[in-house]
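For reference, the structure is listed below as C-alpha cells.
In what follows, chains are A, B, ... by sequence order, proteins preceding strands, each numbered from 1. All values derive from a computational prediction rather than experimental measurement.
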There are 2 protein chains.
Amino acid sequence: MAPTGRDFVITSGQQRLTRQESRGRTRARLLEASAAVFSERGFYGASVEEIAERAGFSKGAFYSNFESKDDLFLALLDDRIDADLRALEVLAEDSSVPAFLEFVATRASRRGDYGEQWALLSAEFWLHAVRNPELANKLAARQQAGRAALARVIEGLCAQMGRKAPERAEDLASVILAVDDGLVLQEALNPNAVPGDLRLRALLLFVQAISAGHADAE
Amino acid sequence: MAPTGRDFVITSGQQRLTRQESRGRTRARLLEASAAVFSERGFYGASVEEIAERAGFSKGAFYSNFESKDDLFLALLDDRIDADLRALEVLAEDSSVPAFLEFVATRASRRGDYGEQWALLSAEFWLHAVRNPELANKLAARQQAGRAALARVIEGLCAQMGRKAPERAEDLASVILAVDDGLVLQEALNPNAVPGDLRLRALLLFVQAISAGHADAE
DNA sequence: GTCTATATAAAGATAGAC
DNA sequence: GTCTATCTTTATATAGAC
C-alpha cells in the first residue's frame, strides 16, 4: 500500500547503490522528475510521457515501475506526508506557541524545491480523488493521519499553556488546515489579494481562542 | 468580457420567451445542462459533447454559442456570483449575527439544484485557472467582488454590534472564505472526517473574535 | 443557428523485441 | 527492466451542408 522511494538516493546519482539495485534507482528518478513536472504543469497537465522523458526514460519504463499516474502521485504524496508527520511528531513532544507558528510559517520551504507548488498540486489531486472512490479512500486515510498528528500538537500546546484541551482537538485541526488550504488557493490565484502574513495572523486567532478557553468554539 | 445568460429564463422552459428569441434559448439550455454535467463529472470530466447532447444539441451548436469550455464555465460562474452578490448586498444592509449565520448555513441550498457540488466545482476551476493567466485574471476579479461584498457585511455586523470594524475587513473576509472552502474540500473527500456543523462553529469563532475586538487578529 | 462529419491532437496504457 | 512502436480512446475544435 505504501510505496517507498525514500530508501534510495535521489541525488545526481553517479554513485553505485549498495542495495535494491537499479530497480529502485529508476523509480526514484521518476519520482524526482515527476515532482518537477507536476509542479510546472499541475496534475492534469503533467503527462506520463513528459515525466518519463525528464527522468531520462521511456513510457515503458514508467509503466514497469508504476501502475498509473495516480499511483505515481500517491507515492510522491507518501514521501511528503511522511516528512510532515515526522515534523509534527517532533512538534507535539516539544510544544510551544513560537515553535508552532514557525512550523506553519516554514512549511513550504521544508517541503523541498517545489514546496510552494505542493499545496496547489495537492488540492488538485484532492479534487481528482473526490470523483474516484478508490482514490478517495486512500487519500482520506492519509489526511486523517495528518489531522490526528496536528490534533496531538494542539493538545500539547494546550497542556503547555496550562489549558484543558478542546473535547475534539481534531475539529480544531480541521479548521486550521482548512484556513491554510483556502488561503493558499486565494494567494495562488492572485497574490495581491491576500497579505502574505495573513495565514499566520489567522493562526494567531486560533491560538488566542485556545488560550481564552474557547477552543471548542462553543 | 462578461457573458450573460441571466436575462433568460433557465427553468424547464416551455414558455415563450419575449425577447432575445431563440439565440438566448439555446444558450440557456446549454448552461442548464452544463450545470448538471459539471456537477456529475467535474470540470475536467465533463465533455463539451456530453453537455451539448444533454441539452439536446450538437457540438456545433455549442461552439456557435460559446467560445470554449472555459468560456461556458465562466458564464455559469457569473450567474452564481451574481446571485451571491445580491444576497450579500441584502445582508450588508440588514446585518445581524443570526442572519449572518443563516446566510452561511443555507448557502448551498440557495445555489440551486447542484449547490452542494458547486463549491467543489468552483475549486476545480480555480485550480485550472491558476495555470492559465488570462483565466486567472477573470476569475480573480470575480473573487475580489465576492470578498469585498463579504467585507461590507462584516463592517455592517461590527456596526450593529457597536464595535469598530477591523482595519482591513477584507482580510477577515478572506479567512472566512478560506475556512469555508477548506472544510468543504475535507467533507467532500470524507464526510465522516468533519462534523457537519463545524463550518458554523468555526464561523462563531470569528464572530467572537469580532465582538471581543480582536477582529484584526493582532 | 444548427447539423453531420471530420480534422487534429494528445492522452493513458500495452505488446513484443532486446 | 527498458525500449520502440502502436493501440485505443477521447477530447477540443472546425468545415461545410442545410
Please enumerate all protein N or O atoms sitting under 3.5 Å from an N or O of nucleotides 11-13 of chain C, with distances to 0.1 Å.
residue	atom	partner	partner atom	Å
C:dG12	OP1	A:K69	NZ	3.2
C:dG12	OP2	A:V48	N	3.1
C:dA13	OP2	A:Y63	OH	2.9
C:dA13	N6	A:K59	NZ	2.4

Let me know the distance between [atom1] of [X] and [atom2] of [N], rounded to the nearest Å.
{"X": "A:N65", "N": "C:dT14", "atom1": "CG", "atom2": "P", "result": "14 Å"}
{"X": "B:F66", "N": "D:dT14", "atom1": "CZ", "atom2": "C1'", "result": "18 Å"}
{"X": "B:R27", "N": "C:dT2", "atom1": "CZ", "atom2": "P", "result": "12 Å"}

Test side chain to side chain donor-acceptor pair (under 3.5 Å) applied to A:T106 - qualifying residues, sequence neighbours left out: A:R110
Side chain to side chain donor-acceptor pair (under 3.5 Å) involving B:Q144 - partner list, sequence neighbours excluded: B:R147, B:E170
Give a yes or no answer on whether the side chain of [X] reaches the backbone of [Y] with a donor-acceptor pair at less than 3.5 Å.
{"X": "A:R80", "Y": "A:R111", "answer": "yes"}
{"X": "B:R142", "Y": "B:K138", "answer": "yes"}
{"X": "A:R29", "Y": "A:R25", "answer": "no"}
{"X": "B:Q186", "Y": "B:V194", "answer": "no"}
{"X": "A:S34", "Y": "A:L31", "answer": "yes"}

Selection: residues 121-134 of chain B, any non-hydrogen atom under 4.0 Å of DNA chain C: none
Minimal non-hydrogen separation, A:G146 against A:L88, with atom names: O-CD1, 4.1 Å
Atom pairs under 3.5 Å, N or O on each side, protein against nucleotides 15-18 of chain D: can you list them with distances?
none

Test applied, ring-ring contact (aromatic ring centres under 6.0 Å, His included); reference residue, B:W118; option that passes from B:F125, B:F73, B:F38: B:F73
Distance below 4.0 Å between A:T26 side-chain N/O and D:dT2 OP1 or OP2: yes
Show every donor-acceptor pair shorter than 3.5 Å between a side-chain atom in residues 41-49 of chain B and any protein atom, with sequence neighbours excluded, or say none if there are none.
residue	atom	partner	partner atom	Å
B:R41	NE	B:E50	OE1	2.8
B:R41	NE	B:E50	OE2	3.3
B:R41	NH2	B:E50	OE2	3.1
B:Y44	OH	B:H128	ND1	3.1
B:S47	OG	B:E50	N	3.1

